Amino acid sequence: MRSHRTSRISRVGGPKGATTRRPCATRSPPAATKAAARAVRRFLNTLARHNGPQAVPPPPPAVADVVRWIIGRPENQSDQARQDLKDVCGRCQEIAEACRLARGFATILRRRDGHRLGDWLTQADASQVKEIRTFANGLRKDLDAVTAGLTLPLNSGAVEGNVTGIKFLKRQHYGRAGFDLLRRRILLAH
């Protein structure tokens with residue numbers, strides 16, 4: 001009977017390309033592992049004989065796809081995407097509620113209907129979805145500014161762009177020059 005340990009010779013590179021010979025030990029699986037594999041195989045074959053071949057369900061949609069279906073405009077989505085979202089919402093009540101509230105907020109945002117935000121916040125507070133309630137509480141902390149942002153056509157995009165440019169120039173000069181050179185570059189850039 002052959003031992004479960006066999007000896008092989010392997011070549012191992014040493015310093016300056018020299019090779020040395022040393023034995024390697026390999027193991028064959030123990031008899032208990034083979035017996036367990038046979039038992040599992042027998043069980044699966046019996047199960048397949050009694051139940052017949054089972055159809056594999058389709059994989060669930062990717063999270064990114066579901067998010068795209070929820071926040072995208074319904075009129076720009078394909079019929080297949082609309083049906084897939086309907087299927088997902090039919091399987092999970094929380095996703096259906098999150099979808100409804102997210103689409104409602106997106107409508108307020110796109111149409112600049114800040115005056116409808118109070119109604120949306122009331123619906124969000126009654127929601128089962130914790131993340132929606134947390135988002136609503138965050139909006140409520142500065143409700144006047146959020147309402148103005150969702151109503152008025154004014155924004156601070158130009159100011160933010162200037163601040164970003166100044167930070168970029170500041171990073172370029174970090175540790176190299178003083179405030180006077182930075183001031184000149186900012187004034188000349190704008």
Side-chain angles (χ1 to χ4, degrees), residues 40 43-44 47-48 50-175 179 182-183 185-190:
V40 169
F43 172 73
L44 291 175
L47 191 63
H50 290 321
N51 296 336
Q54 298 291 321
V56 178
V63 174
D65 291 336
V66 176
V67 170
R68 192 176 323 106
W69 299 334
I70 290 173
I71 65 172
R73 292 179 184 226
E75 61 270 10
N76 294 342
Q77 292 178 345
S78 67
D79 291 337
Q80 181 64 42
R82 277 192 228 120
Q83 183 60 43
D84 289 342
L85 179 61
K86 188 176 178 182
D87 293 343
V88 169
C89 290
R91 281 187 235 134
C92 180
Q93 182 61 33
E94 286 184 346
I95 291 178
E97 188 172 359
C99 178
R100 181 180 57 80
L101 289 169
R103 284 193 166 177
F105 187 78
T107 302
I108 291 171
L109 186 65
R110 286 185 193 116
R111 294 182 183 167
R112 296 204 170 271
D113 288 339
H115 61 278
R116 290 181 42 212
L117 186 61
D119 297 336
W120 186 88
L121 289 171
T122 305
Q123 292 175 10
D125 287 337
S127 171
Q128 298 173 2
V129 183
K130 177 186 172 201
E131 290 80 5
I132 298 283
R133 290 193 313 265
T134 303
F135 178 68
N137 288 335
L139 292 179
R140 199 171 269 114
K141 287 180 183 176
D142 201 3
L143 188 59
D144 292 336
V146 173
T147 304
L150 292 173
T151 307
L152 302 175
L154 307 172
N155 63 48
S156 61
V159 174
E160 293 297 332
N162 285 332
V163 169
T164 302
I166 291 170
K167 286 181 180 180
F168 176 72
L169 290 173
K170 182 180 172 185
R171 269 188 236 109
Q172 283 182 332
H173 284 266
Y174 183 75
F179 180 73
L182 177 63
R183 182 173 176 268
R185 289 240 5 231
I186 290 172
L187 292 175
L188 291 173
H190 298 288

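No experiment lies behind these values; they were computed from the predicted model shown.
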Hey, could you give me the [atom1]/[atom2] distance between [X] and [Y], rounded to the nearest 0.5 Å?
X    : Y    : atom1 : atom2 : answer
D119 : D113 : CG    : CG    : 11.0 Å
Q128 : Q93  : CD    : CD    : 6.0 Å
T151 : R116 : OG1   : CZ    : 11.5 Å
I71  : L109 : CD1   : CG    : 11.0 Å
F105 : L121 : CZ    : CG    : 8.5 Å
L182 : K170 : CG    : NZ    : 8.0 Å

Exercise: identify the closest heavy-atom pair between [X] and [Y]:
X    : Y    : value
A136 : W120 : CB-CZ3, 4.3 Å
P61  : V88  : CG-CG2, 3.8 Å
A102 : I70  : CB-CG2, 3.8 Å

Worksheet item: Quick one: side chain to side chain contact (heavy atoms under 4.5 Å, CB included) partners of S78, sequence neighbours excluded?
Response: Q80, A81
Practice prompt. State whether the side chain of R112 and the backbone N or O of G149 hold a donor-acceptor pair below 3.5 Å, judged by distance alone.
Written response: yes
Item to complete: For the pair T122 (side chain) and G118 (backbone), establish whether a donor and an acceptor sit closer than 3.5 Å, ignoring hydrogens and angles.
Response: yes
Worksheet entry | Pairs meeting criterion salt bridge (Lys or Arg N to Asp or Glu O under 4.0 Å) with involvement of residues 140-163, two or more places apart | D125-R140
Worksheet entry | All pairs passing salt bridge (Lys or Arg N to Asp or Glu O under 4.0 Å) where residues 80-107 contributes a residue, at least two apart | D79-R82
Discussion item. With side chain to side chain contact (heavy atoms under 4.5 Å, CB included) as the criterion, how do F135 and L101 come out once you've worked through the C-alpha distance, each side chain's angles and the decisive distance to 0.1 Å?
Written reply: CA-CA 11 Å; F135 178 68; L101 289 169; over 6 Å; no
Item to complete: Report, as yes or no, whether the 6.0 Å neighbourhood of atom CZ on R111 holds more than 12 heavy atoms from other residues, nucleotides or ligands.
Response: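 No.
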Worksheet entry | L117 vs L143, side chain to side chain contact (heavy atoms under 4.5 Å, CB included): CA-CA, chis, key distance, verdict | CA-CA 9 Å; L117 186 61; L143 188 59; 3.7 Å; yes
